[in-house]
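Worksheet: the structure to be examined is printed underneath.
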Amino acid sequence: MSADTELTSHKEVAFDPDTYVSMYYSTVAGEVEEGEMLKFFLDGLNDAFKSGAITGAKLLDIGTGPTPHTTFCAAPWFDEITLSDFSQKNLEFLQKWKNGEVSHMGPIFEYLAQLDNTRSCVEERLDELRKKTKNVVHCDVTQSNPVSSTPVDGVVFDAITSSLCLEVASTTLEDYVKSVRNLSALLKPGGHLVLSGVLECTFYRVGNVKFKNIHITKDQLQDIYKKEGFEILSLKDLNENYAPHMDETYYSDFKNAFFMVAKKAEH
Ligand SMILES: C[S@@+](CC[C@H](N)C(=O)[O-])C[C@H]1O[C@@H](n2cnc3c(N)ncnc32)[C@H](O)[C@@H]1O
């Protein structure tokens, strides 16, 4: 592990999945400095998927980490889900979760299930999610073919979800744009992208490891996705919708967060 003050990247140090989950995903309130960020993301996921308008055969989640909640609301609407991450430790964690050897984030899944109480109970929904999770694969969104392992090599997905990944995977805004292009190549024309992340943030911590984050504003975000051929269907930000988070900046210095639903151009 790197020293407390050093900034590092996920390519240099893989974070510890247990530490990450216990720091940020023990409760819906999340880590104290985050304010309502996690609730904002969870509400966004429920809103995006509840109507069933975003549907298809194959869903990919990019940079899942040890936290597959990003696919919980989508699961009823897709036949097959692929989880992916850069870190081998996270892939092993997700595989254990899929096999039923890890049961974590109970309050988070309970909250999501309760938001949409027209469906079955949380245990049945988690069973469905585990069954539909067919692949847990390595991904490097900075590369031109981000998920190149069998059986998903060459697959084009009907929808992609991703949370808090692209801004930590990239080291500059130019890199970020390339990652958006790499992600877009995995999405079929007309396919949906459901993306959440932080704005105006330069780092976040997992235990005593401090990870770099690229600083991106809401305007830059919109410009990038529009230029890369996405129609932005909705873009909410934390500060305009929820109580402001505390001004503390020990765990992360994010100023705002976003939840976006976008559609890739048909051609
Ligand atoms: C802040 S965590 C987010 C995890 C989870 N999606 C969430 O919302 O809590 C960032 C994740 O991105 C992954 N990651 C970092 N660089 C990546 C890359 N180049 N390609 C794919 N995933 C990457 C990390 O391993 C880590 O799991």
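Computation of the quantities below employed the complete heavy-atom set of this structure, encompassing side-chain atoms and omitting hydrogens, waters and symmetry-equivalent molecules. Atoms within each ligand, like the ligands themselves, are counted from 1 in listed order.
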Identify, for [atom], the protein heavy atom at the shortest distance, and state residue, atom and that distance.
| atom | result |
| --- | --- |
| atom 19 (N) of ligand 1 | D140 OD1, 2.8 Å |
| atom 14 (N) of ligand 1 | F86 CB, 3.9 Å |
| atom 10 (C) of ligand 1 | L164 O, 3.4 Å |
| atom 12 (O) of ligand 1 | C165 SG, 3.6 Å |
| atom 8 (O) of ligand 1 | S163 OG, 2.7 Å |
| atom 21 (C) of ligand 1 | C139 O, 3.4 Å |
| atom 7 (C) of ligand 1 | Y25 OH, 3.2 Å |

Checking side-chain polar atoms at under 3.5 Å, does [X] have a donor or acceptor matched by the opposite partner on [Y]?
| X | Y | result |
| --- | --- | --- |
| S170 | D175 | no |
| T71 | D61 | no |
| N46 | Y111 | no |

For [X] and ligand 1, does the shortest N/O to N/O distance drop below 3.5 Å?
| X | answer |
| --- | --- |
| I62 | no |
| T70 | no |
| G63 | yes |
| K11 | no |
| Y20 | yes |
| Y204 | no |

I'd like to know whether ligand 1 has [X] as a neighbour, heavy-atom separation below 4.0 Å.
| X | answer |
| --- | --- |
| Y24 | no |
| T67 | yes |
| D85 | yes |
| F41 | no |

From the candidates H10, Q88, E167, the one that places a heavy atom nearest atom 15 (C) of ligand 1: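 It is H10 whose heavy atom sits nearest to atom 15 (C) of ligand 1.
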
Member of K131, K58, K134, K132 meeting the salt bridge (charged side-chain N to carboxylate O under 4.0 Å, His left out) criterion with E80: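 That would be K58.
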
Transitive ILVMFWY side-chain link V198 to F211, under 4.5 Å: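 Same cluster: V198 reaches F211 through Ile, Leu, Val, Met, Phe, Trp or Tyr contacts under 4.5 Å.
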
Inter-residue atom distance T64.OG1 - D85.CG, 0.5 Å rounding: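 Nearest 0.5 Å value for the OG1-CG distance: 6.0 Å.
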
N90, portion touching ligand 1 at heavy-atom distance under 4.0 Å: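 The answer is the side chain of N90.
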
Mode of V168 contact toward ligand 1 - side chain, backbone, both, neither (heavy atoms, under 4.0 Å):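 V168 to ligand 1: side-chain contact only, backbone stays beyond 4.0 Å.
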
Per-atom contacts of ligand 1 with A169, taking only distances under 4.0 Å to non-hydrogen atoms: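 Taking each heavy atom of A169 in turn, ligand 1 has 16 (N), 17 (C), 18 (C), 19 (N) under 4.0 Å.
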
Exercise: identify the closest heavy-atom pair between L94 and P68: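 For L94 versus P68, the nearest heavy atoms are CD2-CD, 4.1 Å.
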
Heavy-atom check, side chain of F259 versus side chain of D43, under 4.5 Å: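 Result no, sub-4.5 Å side-chain heavy-atom pair not found.
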
Centroid separation F72 to F49 less than 6.0 Å: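 When the ring centroids of F72 and F49 are compared, they turn out to be at least 6.0 Å apart.
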
Y25 ring center within less than 6.0 Å of H69 ring center: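 They qualify: ring centres under 6.0 Å apart.
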
Residues, nucleotides or ligands: over 12 heavy atoms within 6.0 Å of K212 NZ: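 Yes - once you tally the heavy atoms of other residues, nucleotides and ligands closer than 6.0 Å, there are more than 12.
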
Parallel, tilted or perpendicular: ring planes of Y225 versus F230, cut at 30 and 60 degrees: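 Ring orientation of Y225 relative to F230: perpendicular.
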
